[in-house]
Protein chains: 2
Amino acid sequence: MFAGALPANDRSIQAPGTATAAYLQRPRQISLIGPDEEIYRQGDRSGSLYRVEFGAIRIYRLHADGRRQVVSFHLAGETFGLEAGRTRSFFAEAMVHTGLTSAGSTSGETASQELMAMALREMIRAQEHLLVLGRQSALEKLAAFLLDISERQGDLNPIDLPMTRIDIGDYLGMTIETVSRSFSKLRDEGILRLHNARSVELLRPEKLRQLCR
Amino acid sequence: MFAGALPANDRSIQAPGTATAAYLQRPRQISLIGPDEEIYRQGDRSGSLYRVEFGAIRIYRLHADGRRQVVSFHLAGETFGLEAGRTRSFFAEAMVHTGLTSAGSTSGETASQELMAMALREMIRAQEHLLVLGRQSALEKLAAFLLDISERQGDLNPIDLPMTRIDIGDYLGMTIETVSRSFSKLRDEGILRLHNARSVELLRPEKLRQLCR
DNA sequence: TGCAGTCTTTGATTCGGATCAAACGGCAGA
DNA sequence: TCTGCCGTTTGATCCGAATCAAAGACTGCA
């Protein structure tokens, strides 16, 4: 896959409100990616950056024995794909039906100011994630996670979780059973309501905040 | 503390091999910092970057209940101090007698290429740390930690650990007792030798590598 | 509408690491 | 060299989360 390219995909469409010059017109071309479809993989040449127009992406790495660490999720409006090396050290997959556009590349053409901002964002995200993984209990981890997602969805309530319990577990460093039990605990304490596994209404966000500090 | 400044400190000396213009000559001025002395704290105005000439630094954040998460260690030759926001969100302290020089600042005067490289380094470091914290056992965490330090000391053997067991624990998300037990386990398995708590000889580094993959 | 497969929840048990406790060892200062 | 202190190691017990197991709920498809 050459630098700046989006995955080959015959289901591309034009972004709404865009001139229809199609092929040669670099930006605004949306690639549609299905659930669990791969965007890039460890070992691929890096360079391309992506913007999530709708849907959601998981970035992860696999350990030799199959254990998986999800490093980040990227929701609508967010960009991803920045890597320090010349080859990818992570996998990127869509979690639901997702639309991607090109967000430039690391090779020259993108303003270095934007790249810097992106690098700093990723640095912060990783550092915040670190704080959660290192010293928090299962309940505290889930609380921090829900607040993060809620905020990134513009305090949408109920929250829409595009990821499975497995994804959440691999992101927070715990098993799906523990994730599920933590949800149930928060439900039993009246802190949230589970409309279904993917839709979570926060009833007392302040309680969550209290939990994870 | 103004941007670009090193902590006020009456024990400054000239770096070896430097012209002696002293005061007005910005670079090469070494600040000497004692063990557990603070370089900056959460809430301080950010901007200054530092280079460790000798010694070692810990970067950490405190949770409300006193739990501490060490985010990174910085050894001789490494730079630190980059933060995304206008105020510091971490504490920086020396762990042993340490010499620091200014490594520029985030406000203009430093080449953005260097800043970008630093941001990417920090991003990688945080991501690698994430992989260790998320899904590894105590033994695997310690193995990964020792290999990291060993490499950053140029494969010096025995390794010189400038940090206490508490620091290691707060970095890896485990208690000092578990850190100590993990050291003992690696010793009993003939993988390393403890000359003393701070000096660790790696006898079979390949075994460590095997452990943490 | 019913069915199959998958994801989630809940329950029982196990286990790794935390906590509590005490002994040990190395280093600084007298 | 002796002594006291602090960091480290080791031991005993406890607890939170992992694992093993099974039931329940949702989704897509026939």
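In what follows, chains are A, B, ... by sequence order, proteins preceding strands, each numbered from 1. Just the heavy atoms: all of them, side chains too, but no hydrogens, waters or symmetry mates, feed the values below.
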[X] [atom1] to [N] [atom2]: how many Å, rounded?
X	N	atom1	atom2	answer
B:K185	D:dT10	NZ	P	14 Å
A:L161	C:dT8	CG	P	10 Å
A:L133	C:dG17	CG	P	16 Å
B:L194	D:dT8	CG	C1'	10 Å

query = Can we say B:R41 and B:E38 salt-bridge, meaning some charged N sits less than 4.0 Å from an Asp/Glu carboxylate O?
reply =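 Yes.
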
ask   = Taking NZ, NE, NH1 and NH2 as the nitrogens, is one of them in B:R187 or B:E201 under 4.0 Å from a carboxylate oxygen of the other?
value =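 Salt bridge: no.
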
inquiry  = Please pick, from C:dT9, D:dT8, D:dT9, the nucleotide with the shortest atom-to-atom distance to any side-chain atom of A:R187.
reply    =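 The answer is C:dT9, which lies nearest to the side chain.
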
Side-chain atoms of residues 79-89 of chain B: list all donor-acceptor pairs with protein atoms under 3.5 Å, sequence neighbours left out, distances to 0.1 Å.
{"from": "B:T79", "atom 1": "OG1", "to": "B:R121", "atom 2": "NH2", "distance (Å)": "3.4"}
{"from": "B:E83", "atom 1": "OE1", "to": "B:S89", "atom 2": "N", "distance (Å)": "2.8"}
{"from": "B:E83", "atom 1": "OE1", "to": "B:S89", "atom 2": "OG", "distance (Å)": "3.0"}
{"from": "B:R88", "atom 1": "NH1", "to": "B:G81", "atom 2": "O", "distance (Å)": "2.5"}
{"from": "B:R88", "atom 1": "NH2", "to": "B:S48", "atom 2": "O", "distance (Å)": "2.8"}

inquiry  = If you compare every side-chain N and O of B:S184 against the phosphate oxygens of D:dT10 (OP1, OP2), does one of them come in below 4.0 Å?
reply    =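 Result: yes.
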
request  = Give one of base, sugar-phosphate or nothing for B:T164, where a contact means two heavy atoms less than 4.0 Å apart.
outcome  =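 If one applies the 4.0 Å heavy-atom cut-off, B:T164 turns out to touch the sugar-phosphate alone, with no base involved.
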
inquiry  = Quick one about B:Y171 and B:Q69 (side-chain donor to acceptor, distance below 3.5 Å, no hydrogens or angles considered), yes or no?
reply    =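 Short answer, no.
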
Per-nucleotide protein contact string for nucleotides 16-30 of chain D, where B marks a base within reach and S marks sugar-phosphate only (heavy atoms under 4.0 Å, - for neither) = -SSBB----------

